[in-house]
Amino acid sequence: MAAQLQATRTHGIDKNVWTELVQLVSQYQPVNLGQGFPDFAPPQFIQDAFCEALKGGPMMHQYTRGFGHPRLVESLARFFSRVVGHQIDPWEEVLVTVGAYQALFTACHALVNDGDEVVIIEPYFDCYQPMVQMAGGRAVFVPLRPKAGGGAVRSSGDWVLSAEELSSSFTPRTKAIIINTPNNPLGKVYKPEELQLVADLCVRHDVVCISDEVYEWLTYDGAQHLKIASLPGMWDRTITIGSAGKTFSATGWKVGWAIGPQRIMKHLRTIHQNVVFHCATAAQEAVARGFERELQLLGTPESYFQQLPAMLHPKRQKLASCLEGVGLQPVMPEGGFFMMADISSVELESSEQSAEDQPTDFRVVRWLIREKGLAAIPVSAFYGPEHSKEFDKYIRFCFIKEDSTLDSAADILKRWSHERSNRP
Ligand code: IK2
């Protein structure tokens with residue numbers, strides 16, 4: 001009965017890293033550098049915007065336009081028209097979703113037919129593959145790898161695509177490619193020439209690009225985020241996905257969006273109207289007010305899109321020097337708010353060695369949570385089955401946290417390092 005009960009499209013995707021680790025975190029209450037959310041309040045202006053929205057009259061508590069609250073689609077269109085070099089039509093080319101997550105789901109279901117292939121660049125936000133599978137497609141993985149030869153790899157910019165590997169992953173069955181810049185978990189910010197490589201392949205093979213840009217405001221040390229939709233020929237074949245949760249440090253609001261040409265967006269709307277139809281009105285109103293404010297302040301020091309990366313920059317430095325100090329070589333992220341660390345130097349204690357068949361990073365993370373009271377995320381969860389073993393020597397830490405949280409994590413890591421060096 002159970003086998004019949006389960007739809008085949010869900011086979012093999014019933015477990016995911018978050019369900020297990022969120023449960024472990026709630027059980028052991030560690031210092032949490034695991035899941036990607038701030039442990040501080042969103043900026044006052046966006047909290048005020050939500051409160052004002054709630055007090056904005058009876059219609060703020062009722063359904064709004066299904067494909068996106070008018071004030072929000074208009075402000076998103078106005079804001080992003082400037083950066084994609086195309087006058088975005090708020091009514092036909094913008095869709096508001098329940099977080100970027102639903103935008104990704106909707107894009108996959110709108111485009112993918114049974115047997116279609118979708119190229120996914122690894123490491124990838126782990127829901128991409130299940131979403132492709134549920135839509136009937138097959139994920140084809142192409143990894144970013146540390147540059148071969150010479151010296152320690154210290155920056156996410158040193159992780160590169162092989163042009164040959166990427167081009168050979170495109171076949172007549174390829175329907176779409178999913179990219180993520182700045183990348184979670186690596187922090188890579190794609191360079192113009194890397195995006196051009198992807199764009200050329202999309203144009204040559206008539207493939208749609210799903211570009212997940214939820215961390216677009218968060219870049220460091222001069223790295224610049226570029227929208228692939230702004231490259232020649234790409235507006236017409238790109239779905240750009242964003243998240244108010246990441247933009248305004250309010251992940252619990254779950255407001256996201258997909259922006260793209262009308263010929264593609266009309267199919268996303270079909271999925272949307274048959275899945276959720278409608279997103280929370282007051283949250284959309286608040287996000288609209290946030291974007292209106294940012295449009296006025298853009299390029300000034302008062303802009304939150306400047307203040308947030310400036311606030312995160314020293315946290316990134318703090319985490320990196322702590323990891324370096326305890327022998328867990330960090331990969332310095334050019335963007336986002338995650339940092340991968342190399343755990344090759346860690347020798348597992350007997351209690352950690354029990355589950356030899358499990359990937360090393362999962363064993364280390366579970367052990368860190370249970371025994372040391374520190375949560376991180378295993379990086380092999382962001383790889384498909386073919387390559388996960390190659391990358392299970394990394395774990396991911398999140399640094400959009402209070403300094404006191406980062407300090408507590410540093411204390412734990414130092415104590416752990418001390419114990420390791422004093423082992424007989
Ligand atoms: N796309 C990417 C690349 C994301 O990182 C996320 C949110 N992930 O954060 C959890 C974690 O990695 O710890 C999303 C999409 C989803 O965004 P939203 O919250 O707007 O649905």
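Remember, predicted model here, so these are calculated numbers, not experimental data. We count ligands from 1, going down the list as the structure has it; atoms in each ligand are counted the same way.
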Residue, atom name and distance, where the atom is the protein heavy atom closest to atom 14 (C) of ligand 1: F125 CE2, 3.3 Å
E122/R145 ion pair, N-O < 4.0 Å: no
Whether F248 and Y304 hold their rings parallel, tilted or perpendicular, with breakpoints at 30° and 60°: parallel
Centroid-centroid distance, W159 to Y394, less than 6.0 Å: yes
Ring centre gap for Y383 and Y124 strictly below 6.0 Å: no
Centroid separation Y215 to F337 less than 6.0 Å: yes
Distance filter under 4.0 Å to R396 heavy atoms, resulting ligand 1 atoms: 11 (C), 12 (O), 13 (O)
For T97 against C279, the heavy-atom pair lying closest together: C-SG, 3.5 Å
E402 and K315 ion-paired at < 4.0 Å: no
Interfacing atoms of ligand 1 (cut-off 4.0 Å, heavy-atom, Q35): 13 (O)
Atom 13 (O) of ligand 1 - nearest protein heavy atom and its distance: G36 N, 2.6 Å
Identity and separation of the nearest protein heavy atom to atom 9 (O) of ligand 1: K246 NZ, 3.0 Å
Per-atom contacts of ligand 1 with Y101, taking only distances under 4.0 Å to non-hydrogen atoms: 16 (C), 21 (O)
Test ring pair (Phe, Tyr, Trp, His ring centres under 6.0 Å) applied to H387 and F391, step by step: CA-CA 7 Å; H387 304 126; F391 296 93; 7.2 Å; no
Within-shell test, Q102 vs ligand 1, heavy atom, strictly < 4.0 Å: no
Proximal ligand 1 atoms for F338, defined as those under 4.0 Å from one of its heavy atoms: 11 (C), 12 (O), 13 (O)
Shortest protein contact, atom 21 (O) of ligand 1 (heavy atom only): K254 NZ, 2.6 Å
Shortest heavy-atom approach to atom 1 (N) of ligand 1 - which of V214, D212, T247, D126: D212
Nearest protein heavy atom with distance in Å, relative to atom 4 (C) of ligand 1: Y215 OH, 3.5 Å
Atoms in ligand 1 with a heavy atom of N180 nearer than 4.0 Å: 3 (C)
Minimum-distance protein heavy atom relative to atom 17 (O) of ligand 1: A100 CB, 3.5 Å
W18 neighbourhood, listing ligand 1 atoms whose heavy-atom distance to it stays under 4.0 Å: 11 (C), 12 (O), 13 (O)
Per-atom contacts of ligand 1 with S243, taking only distances under 4.0 Å to non-hydrogen atoms: 18 (P), 20 (O)
Geometric cation-pi criterion R82 and F79, 6.0 Å radius, 45° cone: yes
ring-ring contact (aromatic ring centres under 6.0 Å, His included) pairs, two or more places apart, involving residues 59-78: Y63-H278
